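Below is one structure, written out as structure tokens; the observations come after it.
In the text below, chain A, chain B and the rest are named by the order of the sequence lines, each starting its count at 1. Every value quoted in this text rests on a predicted model; they were computed, and no experiment measured them.
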Amino acid sequence: MSKKILLIDGNSLAFRAFYAMYQQLDRMVTPEGLHTNALVAFNNFLESIVLPMQPDLALVAWDARSGKETFRGDLYADYKSGRDKAPAEFKEQFPYLREMVEAHGLHNYEQIGLEADDIIGTLSRIGQKAGDEVIIITGDQDLTQLVTDHVTVKLTKKGVTQVEVYTPDFIMEQFGITPEQIIDKKALTGDTSDNYPGVTKVGEKTALKLLKEYHDLDNLYAHVEAMKPSKMKENLINDKDQAYRAQKLATIITDADLSIGLDDIVYAGPKEKGLVTLFEKLHFRQALNKLRSQSLLPDDGQAAEASEQKQGNFQEVKELTDVALAKLGKEKSLAFHIDTTGDNYHQADMIAFAIGNDQLGYFGSRDFTLFDNEHLRQIIEDKSIQLRLFNAKAHWVLLHRLGLTLAGVDFDFLLVAYLLDTVGNDNVLSTLAGRFGRYLADDEAIYGKGAKFAVPDEGRIVEEHVGHKAQTVFDLRDQAFEDLDKHEQGHLYHDIELPLSFVLAKMEARGFTVNEDRLAKMGQEMDEQIASLKEEIFQMAGEEFNINSTKQLGTLLFEKMGLPVIKKTKTGYSTAVEVLEKLAPQAPIVDHILSYRQLAKLKSTYVDGLLAVVDQADHKVHTRFLQTLTQTGRLSSVDPNLQNIPMRTEAGRKIRHAFVPSHDDWVIFGADYSQIELRVLASITGDPAMEHAFVEDEDIHAETARKVFGLPDDAPIDADQRRTAKAVNFGIVYGISDYGLSKNLNIARKDAKAFIETYFQEFPRIHQWMEQIKEKAHQDGFVETIEHRRRYLPDINAKNFNTRSFAERTAMNSPIQGSAADIIKIAMIKVSDAVEEKGLHARMLVQVHDELVFECPKDELETLRRTVTSVMDSAVQLAIPLKVESHAGPTWYEAK
DNA sequence: ATGCTCACG
DNA sequence: ACGTACGTGAGCATG
């Protein structure tokens, strides 16, 4: 029976793989310093091209270690000599490429004196004679000379996962010649990459023309004298020897003496064990997850063995009964997990839950009436039973919906994983477990995603899935806590993030009341203004168009009206505010467009957007604070985002009138830290000048202005000087660059540079600290906040200037922004405790990075103000005092 | 799905 | 020479 033989040109594909992902070179490095870009691309190639082919025989041929040892080196001393040396980043990946080939079940082969081409040429002829079907995959066009009716060459196009299929017909169509003539084509043109010449001035076009006329090299030279006189004729005659030498160099050997035969290259299919070992070594997290969750491997001995192993990882998930619950209720430590139909746990449906530990095993159920069972209620609510969860905040809210109050949480795997490393955290259990060497199915594999999301009905698939999650969480606790200890993050977890998660859960569940009528009315007014603006804009433009479309707007402004292009984006003209403001004096239409933009944004995002997420049961919005997302330790807020409600313009700020207390005779109260980031910076660096300014409670931007403009201590500062100094202070916090400052202030770069230099002279300790933190980042690969919150900077040693500079600015900014985040988180926990201890009715509703918003009865306001202010300003002891300002009123508008 | 723009700290 | 200010989320247009 005819077999399918796959022959792969290892060198040319590896080269392609390396350059296909060259841009990613600096990002793809293992902790041990090994570059993996070519390995990643080669693995993609093996998975997406080779695996689906299911060949009977397969071999990856490699060039012998030195090209000079082949007959071609003897024939022509400069053979391949002009070629750039393979970069070290490429060479170091070679041993792993061979290991990868083996793990995928293919054979490697190389032989001294031969190139990969010759191995492939010889085997292709052997296969052909045996009546088999041969497929060759390469990035080198030379190999197309081997094409016959039984031998196909697949040539990689862009990258390594797209190929062009060369058959005799295709070659005829494409070039008008036969595969055998490819050699003579090469003889005429030579090969620049292998560094041998053909005939002078003959390129692909001329060569093909000549071959069509004369068919082959011998016939051409037999008739060369008869050609009419031309430069080309001269060249052909002069370079005859070169052409014949090129012909020899280009000819692939098809009768080499190989030490292997077809019997030795039977394709075995992927070997799971080998792949796992390799992927772990290379830190291929995605590939590992895919491997473990989709069981993409066909049946063979290896896979069967591995799947036994996989089952060994997880215990059988048992049915949850009243009897089982009675037993579970006596345990000291249990894992618990609920799966839902969506991310928004305020409204998502609950699918199934699981509970268990390593002693009693794991139990899964879809019967939520079990939450009436007294043992289960006790397990959830009794502090003495230590629970292990993934995302305690989500579970607190879900259980709250079931009428229970979650207590006794010991381990939140999501929080711990986030504290250990924020990089690449997608908040998904299967991904994070993979970091600890535990592999379980993705939710997507069980439920599907998007429109295809469905809860599978068959058997106990879902119960198994949640059960495995519970077991994973249970099993990972000790290891995760150990890592936390190594990072000195026990305090950050136990005393800050975990308690905070319950403070946040309560804030979210409580919600912020929205006056929908007021919001709707504002929307109507905006609509009227928008309509009239639109009318005027169309009139001025002389046509109707979609003002929201940056493309259409760009066409109008820069092509039809001929306004100057100030800035471009990747895809066209920029129409951002900063650009439009510069154009406004030249064209009155631009002011209208700016007004339109502002109103359209307010209407769609803050009126329509907010109204769409108000819970009709209680007329409140219930945001979710994402506690494990930002790279710095800040919170973020979604559905809706309550951290970007307008403030800076009056028209926008009016939106805050719609945020009201949940009871009559209550008020909204807001307290915010003044200049917390600069105070943190002063404290961390211990800079005496800045410390002095804060201790004396001076206007920090005015004080900075005096310093950078070289004015005496009590000199008056004008508004422009203060504005400049403020921008410099911002720049310092962000990890300053003269370029960034010049752009922000719209000044020359050298002026910006001068400001920065003066600043660093006046605040020398800040300069010292900036240098020191960058140095630390280069040394350790991470930076830390005052509470040991850690941010890794994988790009800190990148070769690319921009990539590296970005990481350096991040190294300077993250400890500042992150320490400020630490401080307000501590304050939130202490405020929450103090409010409870004093028996106040006040409730915290929102955190906006340096600001806390509450609602409270009017008669509690002054008590609350005193309590919150004192707790916030004493939340941590810094070298610099913290300052808190506060405001109150009938809506959020007044409370700031 | 991606890019642009703009809302906040 | 390089050509970016730090951290977020949402809506819209577009391919």
Side-chain angles (χ1 to χ4, degrees), chain A residues 422 450 545-554 567-580 593-594 596-610 612-613 623-626 629-649 651-653 655-656 672-678 681 727-745 749 752 756 783 791 795 798-818 820-821 824 846-852 896:
Chain A
T422 56
F545 66 103
N546 185 347
I547 310 170
N548 291 323
S549 161
T550 49
K551 202 176 162 194
Q552 293 181 34
L553 184 60
K567 197 174 129 193
K568 281 192 164 183
T569 67
K570 261 188 259 180
T571 51
Y573 313 109
S574 169
T575 63
V577 175
E578 55 185 282
V579 173
L580 296 190
I593 291 166
L594 282 166
Y596 173 91
R597 275 255 181 95
Q598 194 197 16
L599 275 168
K601 171 87 175 179
L602 290 175
K603 175 69 166 44
S604 71
T605 306
Y606 297 103
V607 176
D608 299 343
L610 222 39
V613 292
T623 189
R624 281 174 295 135
F625 291 105
L626 306 187
L629 181 137
T630 70
Q631 302 300 303
T632 54
R634 276 188 174 183
L635 301 175
S636 83
S637 160
V638 292
D639 276 349
N641 180 355
L642 291 184
Q643 293 180 320
N644 73 345
I645 302 301
M647 176 71 198
R648 292 170 187 168
T649 68
R653 189 171 172 175
I655 296 284
R656 295 181 174 225
D672 64 280
Y673 281 115
S674 166
Q675 304 294 351
I676 188 165
E677 291 188 342
L678 284 174
L681 178 66
V728 174
N729 277 328
F730 266 91
I732 292 293
V733 168
Y734 292 155
I736 200 150
S737 77
D738 48 9
Y739 184 85
L741 183 65
S742 74
K743 219 174 112 215
N744 187 278
L745 280 174
R749 188 167 150 183
I756 294 167
V783 291
R791 179 170 187 177
D795 290 335
K799 286 192 196 59
N800 181 290
F801 174 87
N802 283 324
T803 313
R804 189 177 63 249
S805 301
F806 193 4
E808 285 173 349
R809 290 195 299 277
T810 309
M812 298 185 269
N813 171 262
S814 290
I816 304 170
Q817 191 181 114
I824 196 163
V846 178
Q847 184 249 48
V848 195
H849 310 307
D850 63 357
E851 171 195 5
L852 298 175
K896 181 68 207 255

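Comparing atom distances between the A:Ser549 side chain and each of B:dC6, C:dG9, C:dT14 picks out C:dT14 as nearest. Distances were taken from every side-chain heavy atom of A:Ser604 (C-beta onward) to each of B:dG9, C:dT14, C:dG11; the shortest belongs to C:dG11. The listed nucleotides are C:dG7, C:dC2, C:dA10; the one nearest the side chain of A:Arg791 is C:dG7. Side-chain proximity of A:Tyr734 to B:dC8, C:dT14, C:dA5: nearest is C:dA5. Residue A:Arg749 places its side chain closer to C:dG3 than to any other of B:dT5, C:dG9, C:dG3.
Taking the nucleotide of DNA chain C with the nearest heavy atom to each of A:Phe806 and A:Phe801, the more 5' of the two is matched to A:Phe801. Each of A:Leu610 and A:Gly731 was assigned the nucleotide of DNA chain C with the nearest heavy atom; the assignment lying further toward the 5' end belongs to A:Gly731.
Of the candidates A:Ile547, A:Thr575, A:Leu602, A:Arg597 forms a side chain to side chain contact (heavy atoms under 4.5 Å, CB included) with just one, namely A:Thr575.
Using a 3.5 Å distance cut-off with no hydrogens or angles, the side chains of A:Asn546 and A:Ser549 do not pair a donor with an acceptor.
Within 3.5 Å, no donor on the side chain of A:Ser805 pairs with an acceptor on the base of C:dT4, nor the reverse. No donor-acceptor contact under 3.5 Å links the side chain of A:Gln643 to the base of B:dC8. A:Arg648 contributes a side-chain N or O that forms a donor-acceptor pair with the base of B:dG9 under 3.5 Å. Between the side chain of A:Arg809 and the base of C:dT4, a donor-acceptor pair under 3.5 Å is found.
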Verdict with supporting geometry, A:Gln817 and A:His849, side chain to side chain contact (heavy atoms under 4.5 Å, CB included): CA-CA 9 Å; A:Gln817 191 181 114; A:His849 310 307; over 6 Å; no
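At a threshold of 4.5 Å between non-hydrogen side-chain atoms, the residues A:Leu741 and A:Tyr734 do not count as touching. Looking at heavy atoms from C-beta onward, A:Leu553 lies out of side-chain contact with A:Tyr573 at the 4.5 angstrom threshold.
Comparing the P positions of C:dT4 and B:dT5 gives an interatomic distance of 15 Å, to the nearest angstrom. When the P atom is used for both C:dA5 and B:dC4, the distance is 12 Å, rounded to whole Å.
Heavy atoms of A:Ala727 sit under 4.0 angstrom from at least one base atom. When heavy atoms are screened at a 4.0 angstrom cut-off, A:Leu741 is found touching base atoms of the nucleic acid. A:Asn800 comes within 4.0 angstrom of nothing in the nucleic acid, heavy atoms only. Within 4.0 Å of A:Ile816, counting heavy atoms only, lies no atom of the nucleic acid at all. A:Val733 comes within contact range of no nucleotide atom at all, as no heavy-atom separation falls under 4.0 Å. Among the heavy atoms of the strands lying under 4.0 Å from A:Lys743 are primed sugar atoms or P, OP1, OP2 only; no base atom is included.
Within the shown strands, C:dG9 is the pairing partner of B:dC6 under the Watson-Crick or G-U definition, both distances less than 3.5 Å.
The interatomic distance linking A:Phe730 (CZ) with C:dT4 (C1') rounds to 17 Å, in whole Å.
For the pair A:Ser814 and C:dC6, the criterion of a side-chain N or O lying under 4.0 Å from OP1 or OP2 is not met.
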